[in-house]
Number of protein chains: 2
Amino acid sequence: MNTQRLQKILARLEEQNLTQMIICDPMAINYLTGRMIDPGERLYALYINVSGGHRIFINNLFTVPEDLGVEKVRFFDTDDYLGLLSDCLVSGQAVGVDKNFPARFLLPVMERSGAGPFTVSSICVDEVRACKDEEERAIMRTASQINDQAMARFRQLIRPGVSELEVASQMLDIYRELGADGCSFSPLVAFGPNAAKGHHLPDNTVLKEGDCVLFDVGCEYKGYCSDMTRTFFYKTAPSEKHRQVYELVKQAGDAAKAMLKPGVPLCQVDAAARSVIEAAGYGPNFTHRLGHFIGQEVHEYGDVSSANQNVTQVGNVFSIEPGIYLDDEMGVRIEDLVLITEDGCEILNSYSRELAVVE
Amino acid sequence: MNTQRLQKILARLEEQNLTQMIICDPMAINYLTGRMIDPGERLYALYINVSGGHRIFINNLFTVPEDLGVEKVRFFDTDDYLGLLSDCLVSGQAVGVDKNFPARFLLPVMERSGAGPFTVSSICVDEVRACKDEEERAIMRTASQINDQAMARFRQLIRPGVSELEVASQMLDIYRELGADGCSFSPLVAFGPNAAKGHHLPDNTVLKEGDCVLFDVGCEYKGYCSDMTRTFFYKTAPSEKHRQVYELVKQAGDAAKAMLKPGVPLCQVDAAARSVIEAAGYGPNFTHRLGHFIGQEVHEYGDVSSANQNVTQVGNVFSIEPGIYLDDEMGVRIEDLVLITEDGCEILNSYSRELAVVE
C-alpha cells in the first residue's frame, strides 16, 4: 500500500467523523495498492479503518502479488463473501462506502452487519486523487504530448470520401505507434451536423465538403489519461457565422484559462467561458459543463460547472472544453487539459487551436 | 417500449410483492426500449410501476428518439435529478432497485424518498432476459458462427516469435472482416504458464515451442455476445500428462453437455463436469465455476456453479467452460456456448474441440 496516500485518505475520513470505509473502485484500489484488477461483476473491495486492520477482499480467480502490503481475504464464487465483508465492519459505527458500491453488495451488507449508518464517502478518496503528485503530473504531461502528436496524425486522416468509422478505427494504432498504451475512451469522430449531437458515436457518415470535423480523443499512458478536442473544417472555409462560432469557442476557452490559479471557484471558471458564449447569444447552444477532472480515469471526481463551488487546488488536472452546437448544422468544441500550478496553470496540450481548413 | 418484455417483468415484480422498481442497467433499459445509452457516471434510470406511470430519467447530454414509448424526464447536470427520482417513488411502498444501482444514487434516494424498504429486484428483469426469444436466439447463433470462423483465423496467427499482444491486437480487425461489430470482451491470449493464470492479460510473452496456446475470445454482433475458448499446443505434441489434462477437460465439457435439457439444476451441470476432473485428481486445478449466462452482455445473470440450484429453462444460453490449470506450467480450457431447447440443447460453437498441435 502507498502509505502516504493512505494516510491522506484516513485523515479525510476522520474529518468526516468516519472510522471505517469500504472502497470498491478498482482505480482507487489501484491508486493505493499499485495493483489493477477488473473484477467484472465480482466483489473486489478494500476495507480501511483509521485504527488499522485494513483488509482487501479478492476473489480467488484473480492472481495478486504476495506482498500487497495489506491483509488479504480470498474467497471463491461459492463462498459467503458478503458475510465476510459484513463481519469485518465495526458494529455500531458509521460506514463510509464508495460512490460506486452497487446495491447488490450494499443492501445485503447494510442488513447483515451491525454497523451503520452508511454514507457515501468517496470524497475522502477522490479529493486526494484530485491533487496529482509529481509522479502523476509527469505521466499526464507525456500522455497529453502523445495526444498532441496523435492529433496531427488524425488530421491527415481527413480525406475525400472517408467515413467517421474509417477514421476512428485507425486511431488506436496511431496511439500505439506513438507510445501510448491504448485509447482512454472510444474516439469521437463527428462530421457536419453529427458534431452537434451530444455523444454521437462514429458511424458510416461520409465526409462532405464544407463539413466541420470534430475529433474528441485521448490516449492512456502508464495508467493515466489524456483528452483533447479539435474541430476542423473540410475543404471550404466556414461561413461567417460558423467562423464566428469557432472564434467564440476559442475565446471562451482562453477566458477560462486566463483566470486559472489555486483558489478559484470552479463555477467561476465555468462562468468565465460561458459568459463569452452567452454574450454573443449562443448560451443555449453550450449545453454542457465546461470541463471534468481527469487522471487515472477520463472522468474523475470534480468538474468545472456552474454547480461546483469548490476551488481549484495545486495538482488539479481538468479539461476546459467549451462548445457551441447548432442542431442539424454543425458543432464546434475545443478542449485542452490544464494543470493547476502554484502560481497559475500549465496547459498540457500544445496542438494549435487556430481555425484550420483541411484540404 | 417492448410491451411483451415489460409485461413479463411487471408480472415478476408482483410475484415478489413489489409495485415499483428502478432499473439502471443500460443493457436492461436497452432490452426494453431498444435504445442503448452509456451514461458514464451520470444518472440514467427507468422507473416502472405495476400500475403504469413508467418514466425514464435521461440527462440532456444524450439524444434520444422522440418516440421512446415512455414518459421522459430530462435534466441537466446541475439539476436536482435525485430529487426528481425520489419524488417519483410511491411513498410507503417497497422499492425494487437494480443490482448495479450505485451507492451515490441509492443512499440519497433512500434518505429523501418516503418509500421503502429498498431491495435488489434485478432478478425480475434478469430472469426474463435469461430466456432468449426467437429473435435473440437467431442473433446469438450468428455471433457464435462468426466466432467459429474467427477461431480458425486466430489459429493461423500462431507463428514463431509472436507475442501474446501481437496476436491479440489483430483479433478485432479479423472479427470486423467477418461481419462482427467488435469484440465482446478484451481477447485473452495466453502462452504456456500464462494459461494457468486466472485472468491473465496478453503481454509481451513470446511463443515458445511446447507452449500451450489459450484463446478465450468473443465478438459482438447486433448487440449480442459470443464467447469461446480453445487451447492449442505449439510445435511439439504435449507430454502424456498434458495430453491427459486436455482430454479430461474435453470429457468434462462433454459430460455437462450430455445432460442438458430444460429442468436440470445448474449445480448438477457443474457437478457433471467437475466430477470427471475430480475423479482424475485434478479437482483443485479446476478453480472456477463451469459457466456463465450470456446474451447482450458476456456475463449475465445466472451461472453454472455448485451454488446455483436453479434449473435450466428453454432459451437459456450459457457457457460450458471446464479448465485445468497447472501453476507455472500450463493450462487448458475449452469453452462453448449452449442454448437450452425444448428437448435438449443446441451447441452454438462448431469449431473442433480435438487436441491440435499447431506447426
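Below, read A as the first sequence line, B as the second, and so on, with proteins coming before strands; counting in each chain starts at 1.
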Novice: Taking atom OG1 of B:Thr287 and atom CG of A:Asp77, what is their separation to the nearest 0.5 Å?
Specialist: 10.0 Å

Novice: Does any backbone or side-chain atom of B:Asp98 lie under 4.5 Å from a heavy atom of chain A? Answer side chain, backbone, both or neither.
Specialist: backbone

Novice: How about CD on B:Glu111, more than 12 heavy atoms from neighbouring residues, nucleotides or ligands closer than 6.0 Å, or not?
Specialist: no

Novice: Which one of B:Asn308, B:Val120, B:Asn60 has the most heavy-atom pairs closer than 4.5 Å to chain A?
Specialist: B:Val120

Novice: For A:Thr119, is it the side chain, the backbone, both, or neither that has a heavy atom closer than 4.5 Å to a heavy atom of chain B?
Specialist: backbone

Novice: Rounded to the nearest 0.5 Å, what separation is found between the CG atom of A:Asn100 and the CD atom of B:Glu41?
Specialist: 9.5 Å

Novice: Counting only heavy atoms not in B:Lys72 (residues, nucleotides, ligands), do more than 12 fall under 6.0 Å from its NZ?
Specialist: yes

Novice: Do B:Met110 and A:Met110 come close enough that some side-chain heavy atom pair is under 4.5 Å?
Specialist: yes

Novice: In Å and rounded to the nearest 0.5 Å, what is the NZ to CZ distance from B:Lys99 to A:Phe105?
Specialist: 10.5 Å

Novice: For B:Phe101, is it the side chain, the backbone, both, or neither that has a heavy atom closer than 4.5 Å to a heavy atom of chain A?
Specialist: both

Novice: With only heavy atoms counted, which part of B:Leu107 is less than 4.5 Å from chain A, the side chain, the backbone, both or neither?
Specialist: side chain

Novice: Give, for atom OG of A:Ser306 and atom CZ of B:Phe76, the distance between the pair rounded to the nearest 0.5 Å.
Specialist: 10.5 Å

Novice: Once rounded to the nearest 0.5 Å, what's the spacing between atom CG of B:Asp327 and atom OG1 of A:Thr63?
Specialist: 9.5 Å

Novice: From B:Lys197 NZ over to A:Leu61 CG, what is the distance, rounded to the nearest 0.5 angstrom?
Specialist: 14.5 Å

